> 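Here it is, the structure in full.
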Amino acid sequence: MEKETAFRGEVYKAARRIPKGKVTTYGELARLAGRPGAARAVGFFMKTNPYAPKVPCHRVVASTGALTGYSARGGLKRKRALLVREGVKFEGGRVDMGTSLWKGNGN
DNA sequence: AAACTGACTTCTC
DNA sequence: GGAGAAGCCAGTT
């Protein structure tokens, strides 16, 4: 899969900007990529992301802070473990929005 | 080119 | 806040 479209590049670039211990939503990522509303497409890129170690796809969660799919081994369990290890706060199995939510706006 | 699918988001009950 | 339905976008077949 070497079909790198401009949008894909933007999404991956934005995802790499996510600081450690923080998480962002697919919608926000899509917005940073320049296509607000393309949250669904963003999720697709994470699933088929050719830059697994470069793109911290595990730092991308749903708007409600709930963790969604994860292609890598371990699935959502692994994803949650990674976030917790990085210092992300969890509330009732969901990411603590307002505390560990990163906004790439000010950058 | 058309249709289907998917790691989403938002509205309403 | 949880469950159900509709709308969106891009990629894949």
Side-chain angles (χ1 to χ4, degrees):
Chain A
M1 277 202 175
E2 291 119 59
K3 305 154 65 127
E4 309 168 27
T5 65
F7 185 41
R8 259 178 100 150
E10 293 301 303
V11 174
Y12 292 135
K13 190 167 62 178
R16 285 193 297 255
R17 288 169 47 190
I18 304 174
K20 184 183 165 210
K22 292 273 191 169
V23 297
T24 189
T25 67
Y26 295 91
E28 195 65 35
L29 207 57
R31 192 176 67 74
L32 293 174
R35 292 292 180 281
R40 232 169 170 172
V42 172
F44 203 84
F45 300 149
M46 296 298 103
K47 186 178 77 164
T48 65
N49 74 327
Y51 310 96
K54 295 182 193 152
V55 179
C57 47
H58 61 270
R59 290 183 189 156
V60 187
V61 301
S63 62
T64 58
L67 300 182
T68 41
Y70 193 58
S71 299
R73 182 179 62 80
L76 299 179
K77 294 187 345 191
R78 178 80 183 212
K79 186 172 179 179
R80 187 166 76 72
L82 284 167
L83 293 174
V84 173
R85 183 184 295 183
E86 292 190 348
V88 175
K89 266 182 80 180
F90 272 78
E91 275 304 320
R94 291 175 194 69
V95 178
D96 185 348
M97 306 301 273
T99 300
S100 301
L101 180 61
W102 172 74
K103 292 101 171 168
N105 223 334
N107 189 62

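Lettering of chains follows the sequences in order, A, B, ..., and the numbering in each one begins at 1. Reckoned from all heavy atoms, side chains included, excluding hydrogens, waters and symmetry mates. This one's a predicted model, so the numbers in the text were calculated from it and none came from an experiment.
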> May I have the distance from R8(A) (atom CZ) to dA10(C) (atom C1'), rounded to whole angstrom?
10 Å
> How about C57(A) and Y70(A): do any of their side-chain heavy atoms sit closer than 4.5 Å?
yes
> If the sugar-phosphate is the primed atoms plus P, OP1 and OP2 and the base is the rest, what is the B/S/- string for nucleotides 8-13 of chain B, using protein heavy atoms under 4.0 Å?
BSS---
> Let's see if you get this right: which residues in residues 79-97 of chain A place a heavy atom under 4.0 Å from DNA chain B?
K79(A)
> Could you work out which one of dG11(C), dC9(C), dA7(B) sits closest to the side chain of S71(A)?
dA7(B)
> Applying the side-chain contact (heavy atoms from CB on, under 4.5 Å) criterion to H58(A), which one of L67(A), L82(A), L76(A), V23(A) satisfies it?
L82(A)
> Do the side chains of W102(A) and R17(A) get nearer than 4.5 Å, heavy atoms only?
yes
> Please tell me if T48(A) has a side-chain N or O lying less than 4.0 Å from either OP1 or OP2 of dG11(C).
no
> Please list, chain by chain and in numerical order, all residues satisfying side-chain contact (heavy atoms from CB on, under 4.5 Å) with R40(A), sequence neighbours excluded.
none
> Are any of the side-chain heavy atoms of E91(A) and R94(A) separated by less than 4.5 Å?
no
> Calculate, to the nearest 0.5 Å, the distance between atoms OG1 and CZ belonging to T48(A) and R8(A) respectively.
4.0 Å
> Within this structure, what is the NZ-to-P distance between K47(A) and dA7(B), rounded to whole angstrom?
5 Å
> Using atom OH of Y12(A) as one end and atom C1' of dA7(B) as the other, report the distance to the nearest whole Å.
12 Å
> For the pair made of CG in L29(A) and C1' in dC9(C), what is the distance, rounded to whole Å?
14 Å
> Tell me whether V95(A) is reachable from I18(A) by hopping between hydrophobic residues (I, L, V, M, F, W, Y) whose side-chain heavy atoms are closer than 4.5 Å.
no
> May I ask you to decide whether E10(A) forms a salt bridge with R35(A), counting only side-chain N to carboxylate O separations under 4.0 Å?
no
> Any non-hydrogen side-chain atom of Y12(A) less than 4.5 Å from a side-chain atom of K54(A)?
no
> Whole-Å distance between dA10(C) P and F45(A) CZ?
7 Å
> What is the separation between atom CZ on R35(A) and atom C1' on dC9(C), rounded to the nearest whole Å?
10 Å
